[in-house]
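This is a predicted model, so every value here is computed, not measured. Lettering of chains follows the sequences in order, A, B, ..., and the numbering in each one begins at 1.
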Number of protein chains: 2
Amino acid sequence: MANLKKIAQKANVSVATVSNVLNNRGRVGEETKKKILRIAEDFNYAPNRMAKSLKMNKSQTIGVIVEDLSVFNAPEIIDGINSFAEDHGYSILLMNLRMKKKTGVQYPDTEICKQEAAPMFKVLLASQVEGIIYIGIHSRDVKGILPDSSIPVVYTYCDTSNPKDLSVNYNDFSAAFYATDYLIEQGIKDIGLITGFKNSESTMERLKGFKKAFKESEIEWNPEWITNGDWEFNSGYHQGLVLLQKNNKPRAILAMNDLMAGGVIKAANELGINVPGDLSVIGFDNREISQYLTPKLTTMSLPLNEIGQQSIKLLIKKIRGEKILSNKIRLNCKLVKRESV
Amino acid sequence: MANLKKIAQKANVSVATVSNVLNNRGRVGEETKKKILRIAEDFNYAPNRMAKSLKMNKSQTIGVIVEDLSVFNAPEIIDGINSFAEDHGYSILLMNLRMKKKTGVQYPDTEICKQEAAPMFKVLLASQVEGIIYIGIHSRDVKGILPDSSIPVVYTYCDTSNPKDLSVNYNDFSAAFYATDYLIEQGIKDIGLITGFKNSESTMERLKGFKKAFKESEIEWNPEWITNGDWEFNSGYHQGLVLLQKNNKPRAILAMNDLMAGGVIKAANELGINVPGDLSVIGFDNREISQYLTPKLTTMSLPLNEIGQQSIKLLIKKIRGEKILSNKIRLNCKLVKRESV
DNA sequence: TTATAAAGGTTAAACGTTTTATCAAAGTGG
DNA sequence: CCACTTTGATAAAACGTTTAACCTTTATAA
């Protein structure tokens with residue numbers, strides 16, 4: 001590999017001059033400039049980032065720790081991070097915790113993530129990353145999951161109860177509010193709800209949003225139509241069966257994710273209930289499956305890519321010491337209207 | 001951040017000694033060793049990778065260029081790469097081409113990938129990566145997509161007609177062969193086929209496998225039942241409709257991906273044809289959707305994780321100059337039997 | 001006793017950059 | 001003709017490591 005020294009020798013000039021030309025600073029004559037640039041081109045020179053980083057004490061690298069890379073939402077977030085990073089000259093050092101495969105547990109608690117993340121954190125430190133983004137794929141309180149240090153951290157796609165932590169996520173509350181409100185706007189008041197895990201932050205926030213929509217419209221929600229799922233297809237199916245076999249059954253069901261919404265549609269099909277004729281269904285996530293259901297699912301899409309972009313934007317601000325208006329960024333979801341309402 | 005110098009000062013010892021202790025080489029007394037280790041621990045010392053790399057001329061980093069990170073198969077491959085890398089002390093520098101978003105084209109040709117990949121390649125060179133994995137998510141000939149250089153490259157999830165290139169992919173031919181053969185084994189001889197793009201390598205190879213299975217069983221395949229799709233759900237639906245409305249219709253349909261298989265099932269549902277009672281359906285990819293169809297789809301699962309692992313395994317071998325038995329690794333797919341056959 | 005080896009260190013150069021201080025030569029104004 | 005500025009360049013230190021070469025001191029062998 002070519003380096004400054006070789007170019008300097010070839011050009012009969014000092015290393016400093018070559019460095020100056022290649023970073024166009026300092027005062028260098030036009031002649032020499034041309035010559036050096038040509039030689040660098042010939043040698044296909046690429047500056048040694050290690051040396052540069054060492055000297056400048058800046059690695060132009062940010063570390064990304066993701067709890068589970070192969071879960072549907074993580075790649076799109078990373079994509080967002082990546083595109084912004086690229087535009088700003090940063091590279092991404094990727095660490096995958098692989099929680100699901102490692103622990104066998106689908107929703108590991110904070111403590112176990114903490115243990116697994118520690119060594120990765122150390123690697124990132126050693127790599128002199130200028131900042132870290134932690135992507136927790138199951139929204140929950142990750143307060144202090146990474147050890148305190150002078151290096152800035154942004155928590156993404158998860159919550160943190162420590163107000164000093166920087167975090168970026170979507171807004172569960174408003175998403176559920178708007179989904180419910182949309183149904184009410186269509187003149188549907190008999191709305192059932194299938195939640196996710198009862199103790200998940202997402203579930204609780206969305207439940208609040210759901211109820212808020214009713215309050216705003218000054219109508220009552222029926223507690224009998226609120227039922228608990230576990231985020232899986234089958235729970236949607238079973239709860240759907242339960243809800244739709246009641247004497248007074250809802251005219252619409254809001255499921256807290258697309259999988260469960262799919263289950264509801266399956267249940268409706270089996271019971272001979274027409275969607276959207278007799279029953280409207282709304283999902284959450286805008287996951288791939290939603291566009292292949294029959295009817296195609298109307299669903300709340302999460303701003304995954306934007307979450308990624310905002311995360312790194314926030315991180316870079318922090319790195320540069322710029323003023324940060326709010327530690328906690330919550331982005332809005334968007335309803336994608338398809339055929340199930 | 002702590003460094004060798006600080007530790008050395010604190011311990012009243014030379015930098016060299018600290019280095020020796022921390023990498024346990026050289027001759028150092030037990031006393032000093034303990035002391036240095038304790039201080040390093042106290043300081044939460046992490047060796048500066050930049051400096052180390054610079055000196056050792058080894059970055060312990062490998063670059064991964066992926067054509068589209070947010071496509072269903074890429075994350076799992078990267079997951080595989082990552083897990084192997086971690087176990088062997090390598091880190092992953094991730095570059096995302098984002099072909100779809102950038103070019104608007106879903107299946108960009110080699111030339112355009114080449115253009116987009118060039119700057120990333122340069123960044124990776126500058127980062128002193130020891131090797132590169134190029135993940136092309138649409139299997140095709142990527143010969144020479146990255147510029148020639150002394151740094152080893154493995155092409156993953158794509159083909160290359162240059163026999164000198166290292167590549168890892170799954171085996172389209174045998175996958176299609178076994179899927180077809182499985183159907184034949186079940187006593188079904190009237191098998192329809194919905195292909196992907198006609199000019200794709202995958203399509204051609206799988207078509208060969210399909211025909212081979214018939215030859216081996218010494219039965220005839222019906223050319224009328226072979227029809228072209230475009231990998232999308234709708235094409236499966238439409239071709240399904242066509243096939244299933246013929247006077248002599250097939251008893252089984254093999255679709256070259258799960259999306260199209262989903263379309264076939266939808267078509268069957270509409271025509272009142274029972275799956276698997278009257279029609280068996282097999283898909284390809286074992287994508288998420290396959291487990292949520294009704295009936296659940298029997299499909300060929302791609303060894304994505306293993307592809308990732310084998311890629312980096314091969315790359316590391318190449319980096320270390322070890323003997324490489326075959327430049328071209330083709331892994332077998334596995335039939336996951338569910339309810340549609 | 002003396003030569004040799006082993007144990008336990010240290011010194012200093014090197015990796016490829018950046019950057020400050022310095023310098024020579026040429027140009028400019030009075 | 002002198003003082004001063006400008007232009008174009010260089011030398012050398014520094015970033016945090018590794019490592020070969022060297023240097024003491026003490027133990028061992030002859």
Side-chain angles (χ1 to χ4, degrees), chain A residues 1-37 39-40 43-61 89 91 122-130 151, chain B residues 1-37 39-40 43-61 89 91 122-130 151:
Chain A
M1 281 281 293
N3 56 19
L4 290 189
K5 204 169 172 183
K6 281 186 191 158
I7 297 179
Q9 278 167 355
K10 186 82 177 183
N12 259 320
V13 84
S14 78
V15 169
T17 302
V18 179
S19 174
N20 281 333
V21 168
L22 262 27
N23 298 281
N24 51 289
R25 56 176 137 58
R27 290 169 310 213
V28 188
E30 275 308 311
E31 290 284 281
T32 1
K33 199 175 266 181
K34 297 270 187 224
K35 184 168 58 174
I36 289 174
L37 285 174
I39 296 177
F43 282 7
N44 198 15
Y45 172 75
N48 186 319
R49 202 176 185 171
M50 301 300 169
K52 194 164 187 162
S53 297
L54 180 59
K55 188 76 235 289
M56 313 256 282
N57 204 20
K58 278 177 140 214
S59 64
Q60 290 288 98
T61 303
S91 291
K122 196 132 194 182
V123 172
L124 292 181
L125 276 189
S127 303
Q128 310 298 112
V129 296
E130 299 182 28
I151 174 169
Chain B
M1 283 282 291
N3 56 20
L4 291 190
K5 206 169 171 182
K6 283 185 190 160
I7 298 181
Q9 280 168 353
K10 187 84 177 178
N12 261 321
V13 85
S14 78
V15 168
T17 300
V18 179
S19 174
N20 281 333
V21 168
L22 262 26
N23 298 280
N24 51 289
R25 58 176 134 57
R27 292 168 308 210
V28 188
E30 276 308 312
E31 289 285 279
T32 1
K33 199 174 263 181
K34 297 271 186 222
K35 184 168 57 173
I36 289 174
L37 284 175
I39 297 178
F43 282 8
N44 199 13
Y45 172 75
N48 186 320
R49 201 176 186 169
M50 301 301 169
K52 194 164 186 162
S53 296
L54 180 59
K55 186 77 235 285
M56 312 259 283
N57 206 22
K58 277 177 141 213
S59 64
Q60 290 289 96
T61 302
S91 291
K122 196 132 195 184
V123 172
L124 292 181
L125 276 190
S127 303
Q128 313 296 111
V129 296
E130 297 183 29
I151 174 169

### Task
Look at the side-chain N and O atoms of B:Arg25 and state whether any lies under 4.0 Å from the OP1 or OP2 oxygen of D:dT19.
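True: B:Arg25 side-chain N/O within range (under 4.0 Å) of D:dT19 OP1/OP2.
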
### Query
Whole Å only: how far is the CG atom of B:Leu125 from the P atom of C:dG16?
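Spelled out: CG on B:Leu125 to P on C:dG16 is 15 Å.
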
### Message
How close do B:Ser59 and B:Ser127 get, counting heavy atoms only, and between which atoms?
### Response
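Nearest heavy atoms, B:Ser59 then B:Ser127: CB-O, 4.1 Å.
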
### Query
For A:Val13, which contact category applies under a 4.0 Å heavy-atom criterion: base, sugar-phosphate, or nothing?
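Sugar-phosphate contact only.
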
### Query
Looking only at side-chain N and O atoms, does B:Ser19 come under 4.0 Å of OP1 or OP2 in D:dT18?
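Yes, such a contact exists.
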
### Query
When rounded to the nearest 0.5 angstrom, what distance separates CG in A:Asn44 from CE in A:Met1?
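The CG atom of A:Asn44 sits 8.0 Å away from the CE atom of A:Met1.
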
### Over all atoms of both residues, closest heavy-atom pair of B:Leu22 and B:Tyr45
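Residues B:Leu22 and B:Tyr45, closest heavy atoms: CD2-CE2, 3.6 Å.
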
#### Entry: No-H, no-angle donor-acceptor pair, A:Lys55 side chain to C:dT18 base, under 3.5 Å
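In this structure, the two groups form a donor-acceptor pair.
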
### Query
Are any of A:Thr32's side-chain N or O atoms less than 4.0 Å away from OP1 or OP2 of D:dA9?
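Yes, because at least one side-chain N or O of A:Thr32 sits under 4.0 Å from OP1 or OP2 of D:dA9.
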
### Task
Let me know the distance between CE of A:Met1 and P of C:dC15, rounded to the nearest Å.
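These atoms are roughly 15 Å apart.
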
### Query
Looking across every strand, which nucleic acid part, if any, lies under 4.0 Å from A:Ser53 by heavy atom: base, sugar-phosphate, or nothing?
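Touches nothing.
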
### Query
Under 4.5 Å between any side-chain heavy atoms of A:Val21 and A:Thr32, yes or no?
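No - every pair of side-chain heavy atoms lies 4.5 Å or more apart.
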
### Query
In terms of side-chain heavy atoms of A:Ala51, which of D:dT18, C:dG16, D:dT19 is nearest?
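Minimum distance to the A:Ala51 side chain belongs to C:dG16.
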
#### Entry: Protein-nucleotide distance (A:Asn48, atom CG; D:dT17, atom C1'), rounded to Å
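Roughly 14 Å, once rounded to whole Å.
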
### Query
Where each residue is assigned the nucleotide of DNA chain C containing its nearest heavy atom, which of B:Glu30 and B:Asn57 is assigned the position nearer the 5′ end?
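Nearest-nucleotide comparison on DNA chain C picks B:Glu30.
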
#### Entry: Spacing between B:Asn24 atom CG and C:dG9 atom P, to the nearest angstrom
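Those two atoms, CG and P, are 15 Å apart.
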
### Query
At under 4.0 Å, does any side-chain N or O of A:Thr17 touch on OP1 or OP2 of D:dA9?
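Checking D:dA9 against A:Thr17, no side-chain N or O comes under 4.0 Å of OP1 or OP2.
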
### Message
Checking A:Ser91 against A:Arg49: is there a side-chain donor and acceptor pair closer than 3.5 Å?
### Response
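Side-chain D/A pair, A:Arg49 to A:Ser91: present.
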
### Query
D:dA12 P sits how many Å from A:Lys5 NZ, rounded?
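Those two atoms, NZ and P, are 14 Å apart.
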
### Which residue lies more 5' along DNA chain C, comparing B:Val15 with A:Arg27 via nearest heavy atoms
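It is B:Val15, whose closest nucleotide lies nearer the 5' terminus.
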
### Message
Tell me whether the side-chain N/O atoms of B:Asn3 come closer than 4.0 Å to OP1 or OP2 in D:dG16.
### Response
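Checking D:dG16 against B:Asn3, a side-chain N or O does come within under 4.0 Å of OP1 or OP2.
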
### Task
Provide, to the nearest angstrom, the distance between the CG atom belonging to B:Asn12 and the C1' atom belonging to C:dG9.
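Rounded to whole Å, this separation is 13 Å.
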
#### Entry: A:Leu54 side chain, from C-beta outward: closest of D:dC15, D:dT10, C:dT18
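The closest nucleotide is D:dC15.
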
### Message
For a quick test of reading the model: is some side-chain N or O of B:Tyr45 closer than 4.0 Å to OP1 or OP2 of D:dT17?
### Response
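For B:Tyr45, the contact criterion (side-chain N or O under 4.0 Å from OP1 or OP2 of D:dT17) is met.
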
### Message
On the nucleotide D:dT18, are OP1 or OP2 found under 4.0 Å from the side-chain N or O atoms that B:Asn23 carries?
### Response
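Answer is yes, contact under 4.0 Å.
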
### Query
For the pair made of CD1 in B:Ile36 and P in C:dG8, what is the distance, rounded to whole Å?
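Whole-Å distance recorded here is 13 Å.
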
### Query
Taking the side chain of A:Leu4 as heavy atoms from C-beta outward, which of C:dT17, D:dA12, C:dG9 is closest to it?
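That would be C:dT17.
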
#### Entry: Length of the CE-C1' vector between A:Met56 and D:dA14, whole Å
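It works out to 14 Å between those atoms.
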
### Task
Using a 4.5 Å cut-off on heavy atoms from C-beta on, say whether the side chain of B:Gln128 contacts that of A:Asn48.
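When only atoms from C-beta onward are counted, B:Gln128 and A:Asn48 do touch, with a gap below 4.5 Å.
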
### Message
For D:dG16 and B:Lys52 - does any side-chain N or O of the residue sit under 4.0 Å from the phosphate oxygens OP1/OP2?
### Response
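Answer no for this pair, as no side-chain N or O of B:Lys52 is under 4.0 Å from OP1 or OP2.
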
